[in-house]
Every structure is written in C-alpha cells, then in structure tokens.
Colleague: 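Just passing along the structure, written as structure tokens.
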Amino acid sequence: MNNDTISYNFSLLAKLMDIHGENPFKSKSYANAAFQLDKLTVPLASLSPHQINGLKGIGETIGTKIVEQIETGELKLLNEYLSKTPPGILDMLRIKGIGPKKIATIWKELEIESLGELLYACNENRLTLYKGFGEKTQQNIKESIEFFMQHQGLFLYAQLEAWVALFEQQWQKQFPHLPTQIVGEFRRQQEIIHQLDWVTTVQADQIATWLTTLNFTLKNIDNPNHIQAVSADGITICFHCTQAEHFYQTVFLNSASEIFLQFWQDNFGNVMDIACKDELSIFAAAGIHPIPAPQRETIAIIEQAREKVLPPVIQTNKIKGIIHSHSNWSDGSNTLEEMATAAHENGFEYLVISDHSRAAFYANGLHPDRILAQHREIERLNKLLAPFVIFKSIESDILNDGSLDYPNEVLASFDLVIASVHSNLKMPLEKAMSRLISAIENPYTSILGHLTGRLLLSRSGYPVDHDKIIDACVANQVVIELNAHPRRLDIDWRWIEKAINTGALISINPDAHSIEGFADTRYGVLVAQKAGLPVEKNLSSFSVAEMKNFLLIQQQKR
Ligand SMILES: [Zn+2]
Ligand SMILES: [Zn+2]
C-alpha cells in the first residue's frame, strides 16, 4: 500500500468520524496525519514501526494503524465507519460545497440519504431552513449535484429535452434534407433515458467525423451501420444508419418495447419485407389500427388495435386546473396571489392550493391558526379573480399511524385533502400498506398524493401492493395522483391502465412549488399518454363546474 492510499484512508476516516459526530479531537488527529503523510517523500512501507511512530504528526496510535494498512492492505476502523454509512452519504463527500458537518445535518436532521433526495430538497428550498445553509450554499450544492449526476450516464426525460432540441438544430444545419428521426426511449416518452437514438440515411462515417468535431467520444465503431458516441456532458447517443427504402421500417423497429416487437414479428412477419412510404404503411400491412410510438409497449395494445381504432389519449392543452400546489405559506417560492394570478393568466380555470400540513415542520407546514388566515386570503382572492377559483386544500402528511395531520373539524374546513407520506419513508410493505389504506379510508381524503414516494434515479420509494391500493381508492372514491414532477411521475404509468379499468380516477398534478412548476404538468401528460389515459379519467381535466360537482360528491363521504 502506497503513501497516497494511506493518506486518503485517514482523510476519509476523519470525515466519516465528523459525519458520525465523534470527538473532533480524534478526527482532527487523523486529518492532520493525512496532511503530513501527503508531504512525505519516503515510502512508508520502507520504514520501521519505530520510525513511523516518530514521524511528525504521527503518534503510536496512528503509527499502529499505518503498519496495519501496510501489512493487511486494510484499515479496520475505516471499514467499520463505511459499513454504517449509507452509500448516498459517501456520494455527498464528492459534492463540492458540503463538508462533513453539513452532511451530518443533511443526514440526521433532514433525513436525506441520497444525492437525488438532496437535489429535490434544494429545489424545494428546504436547505435554507437549517443553520449554516444560506441561499447561496443551497444553489452551489444544487449545481454540484446536477453536475455529478450528469456524469452518471442516466437522465430524466426532462433533463434531455432542451439538449435534444439543440442537437437536432445543429444536425439540421449539417445534414439538411436527409431523412432523420429520433426514436428509442425518447420517442417513446420514457421517464428515464439511457441513450438517445436516431434513425438516419446519412452515412455512418460522415456522422462519425462530424461528432468528433463536436467533442463526442466515439464508442463501438466496429458496426458500420451503428454509430454510438458519448457527449462531453456524459450523454450517450446512437445513430442507426440505413438506406432510404428501409428508413420507416428501421424507425418502427427502434420505436417499441422488446415484447411488442417480438409479438409483432411472430404475428405479422418481418417488417423489413414491407414496402412503405411511412410508418402507417406497416400498420396497414398488418391489418391493424395505428399505435402511437409512446404506446408501443405491451401485447395488449396490439390486441386492442386489432379490434378497433385506439381511443384518443390526453393532451397537455386538456389540463384545465392546477391541482396540488404550494405557496410561500409553506415551502413554495411564490405568494398565493402570484400563483393564482399566473394560473389564471395561463388559461387555467382553477388552482388547488395544497400547502404542507403541520407535521412537515421542515416545509413550514401550516398550524390551524395559519390555515384560518390562509382561508381568509383565498376568499379575498376568489372575489378578485372570479370566475377563476382557488380551492382550499392541504397536502396532509399521512402520519406514522396512518391518520391525517389535523382533527376532523380542521379537515372539514378544506374543499379537498391530498394525503401524502413524507416521513418515515423507510418501511416494510406491511407498514406502508397499513398507513396508506388508513389514509385512503379516511373520509376526508380526496386524493392520494405521490403513491410510492419514489424519486427517479435516486430513491426507489417504499414498497406497496398496487392492486390493493387501487382497489381501496376505488372503493373509497379516492383519486390517485399522477405526480407530474419529472423526478416523481408517481403513480407509475405502468399501473394506470389497471387503475382506470378498475374504475379509478387519475389526477395529473404538477406539485408546483413555484409558478414555473406548473409546466411540469406536461411530463405527467407524456407518461399518461403511454398508459393510454383518456381525458375524461383525469381529474385535472375537469372544468371548474365539473370540479365543484366532484367536490360535492366528496363532501357526502364526510
Ligand atoms: Zn408531497
Ligand atoms: Zn406537494
């Protein structure tokens, strides 16, 4: 083991001890040892234990640990700390702008254990509520995490959208008039993207040369019809090069799930044998109605398209109200008036303001006296903005025992209640189910918020039995939220068809923490389209009159 590794181990040990709140004198002595060993020019392995103990900044305790590393290749004490530290906390040590002390606060007080959660907390303005975290620190942390995550190779759909638009612009300039089409995960509106794919009639060697000038690193250059490259910011792209007569067939073959394609091939033969002028020709040749690329996922959708024309799916312009939003009464960044005015100006008919409930102290959740005050403000604004309506709501924490966060008389003062889990997310299936089912059965619950608590690419969420949750929501007339934040998209779209077939209503909600957050609704719509969600099954597509009707029925549950 060389000096660098030994020094690194001591430095990491010191940081971990600080994170775990150990005696600062001890951790300092290891940090100091690391510092001294860094400057040492002789290899430690060439020194006797006696000589090691005599080095500047090294005593007998640390000396023994140096010998231990030289002899065993390991530092037992460091391993002990590593084993009781979640990997996400170790990742945080790689983020600029946060030292061990801040990481300890993030972990122990904010209960955050991964970079994804931390990024989400920055976006929700939660860090600034803690000592030592100013606006600027929060911004720095946010930028560092985004940078770090970009280098992990996986991206949310929303993170790549602008990139794709810009790249296609450059492509157009370079290769105008030649057929090129984006396919793959992006065209299918997948929530997570591993690779961006295009089909083109441009020749592979031309693309390769051009990509090199743009600082892309070429990968897998052996296949002449298949150019794969990685951008300087870590995005993997792939070009499927083909002849003009095979263009649409290749587009088709790269725009569906594997199961879909396998079934297609087994039933309708090889698409390459079909002469086609567009993708529709492929469906016509098979004798089935067209299936949009985002819906090309399952065998069931092929069976459906065999029978009849697929019903239209929801579009973004069919969202009539913003349901689930936060103002600066809790952790949002805009005032209630700003949120309502913006929603009104953007053509929405209503805003459901659902700030956090009191248990969400980190989000400045509302105590009953502040609820009263907020309701007075809502009434004032409703007079001002009519016929636009602000509905009184709350995003009530589902407490550990499954109850909602207020007594019934307070819950009764809301037009509707969104119930969500925000605390004690680490729980086994049984516990999660009992909490959720209690909340669903509560007569004051109208919407179940972000069903699993997942944060895409960073937190898997607590385990749930989707079938049972859906059944309970139907039985209790509780709407299932499709939280449209691109990092949540929760309920997972793969469960939506089952939910609507069982009789559930879905609600595509932006969970907006600012005016800009309204735009996230679109990401919910994109995944809802994959699931074939029809507009009439989406609560946020209800007009204000239909919404009032819906609320009357909800009141009858109470
Ligand atoms: Zn929430
Ligand atoms: Zn929320």
Side-chain angles (χ1 to χ4, degrees), residues 110-112 116-126 129 321-334 336 339-340 343 351-366 371 374 390-400 402 404-406 414-427 432 435-436 439-440 442 445-456 458-462 464 469 478-492 506-521 523-524 539-540:
L110 280 88
E111 294 185 4
I112 286 173
E117 287 174 274
L118 183 55
L119 180 60
Y120 197 77
C122 290
N123 288 333
E124 282 192 333
N125 247 332
R126 272 171 55 195
L129 303 169
I322 296 293
I323 302 180
H324 193 163
S325 63
H326 300 263
S327 70
N328 66 357
W329 281 77
S330 66
D331 62 349
S333 22
N334 288 103
L336 187 48
M339 292 288 277
L351 172 78
V352 173
I353 192 79
S354 51
D355 277 306
H356 284 286
S357 66
R358 60 184 173 181
F361 59 90
Y362 54 82
N364 197 19
L366 268 56
I371 291 170
Q374 193 191 48
I390 306 170
F391 289 107
K392 297 169 186 162
S393 182
I394 194 86
E395 184 178 17
S396 171
D397 267 37
I398 297 173
L399 303 181
N400 202 33
L404 298 181
D405 202 3
Y406 299 108
F414 299 109
D415 295 314
L416 71 158
V417 172
I418 302 173
S420 310
V421 173
H422 292 117
S423 58
N424 301 324
L425 296 164
K426 277 192 178 165
M427 50 184 169
R435 273 174 93 179
L436 290 176
I440 293 165
N442 190 310
T445 301
S446 291
I447 300 178
L448 177 63
H450 44 74
L451 177 50
T452 70
R454 74 179 185 183
L455 292 177
L456 292 169
S458 53
R459 175 169 94 195
S460 55
Y462 42 82
V464 297
I469 296 285
V478 169
V479 176
I480 302 171
E481 171 174 270
L482 165 49
N483 191 297
H485 191 285
R487 199 168 281 285
R488 288 193 184 269
L489 299 174
D490 188 12
I491 185 173
D492 192 295
I506 300 292
S507 191
I508 302 177
N509 301 340
D511 198 354
H513 283 74
S514 66
I515 291 166
E516 294 76 48
F518 295 168
D520 285 343
T521 309
Y523 299 110
L539 180 68
S540 59

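Values below: all heavy atoms of this structure, side chains included; hydrogens, waters and symmetry mates excluded. In this chain, numbering begins with 1 at the start of the sequence shown. Order of listing sets the numbers, starting from 1, for every ligand and every atom in it.
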Colleague: Any donor-acceptor pair under 3.5 Å linking the side chain of Ser396 with the backbone of Asp405?
Modeller: yes

Colleague: Taking N, O or S atoms only and a limit of 2.8 Å, check whether His422 reaches the Zn ion (ligand 1).
Modeller: yes

Colleague: In Glu395, what N, O or S atom is nearest to the Zn ion (ligand 2), if we give its atom name?
Modeller: OE1

Colleague: Identify, by name, the N, O or S atom of Asp511 lying closest to the Zn ion (ligand 2).
Modeller: OD1

Colleague: Under 30°, 30 to 60°, or over 60°: which ring-plane class applies to Phe414 and Tyr406, parallel, tilted or perpendicular?
Modeller: tilted

Colleague: Would you say the rings of Tyr362 and His422 are close, in the sense that their centroids are separated by under 6.0 Å?
Modeller: no

Colleague: Do side-chain atoms of Tyr523 reach the backbone of Pro510 as a donor and acceptor pair under 3.5 angstrom?
Modeller: no

Colleague: Would His324 count as a contact for the Zn ion (ligand 2), in the sense that one of its N, O or S atoms lies under 2.8 Å from it?
Modeller: yes

Colleague: Could you tell me which N, O or S atom of His326 is nearest to the Zn ion (ligand 2)?
Modeller: NE2

Colleague: Going by the side-chain contact (heavy atoms from CB on, under 4.5 Å) test, name the single residue among Ile353, Asp511, Leu351 that passes it with His324.
Modeller: Asp511

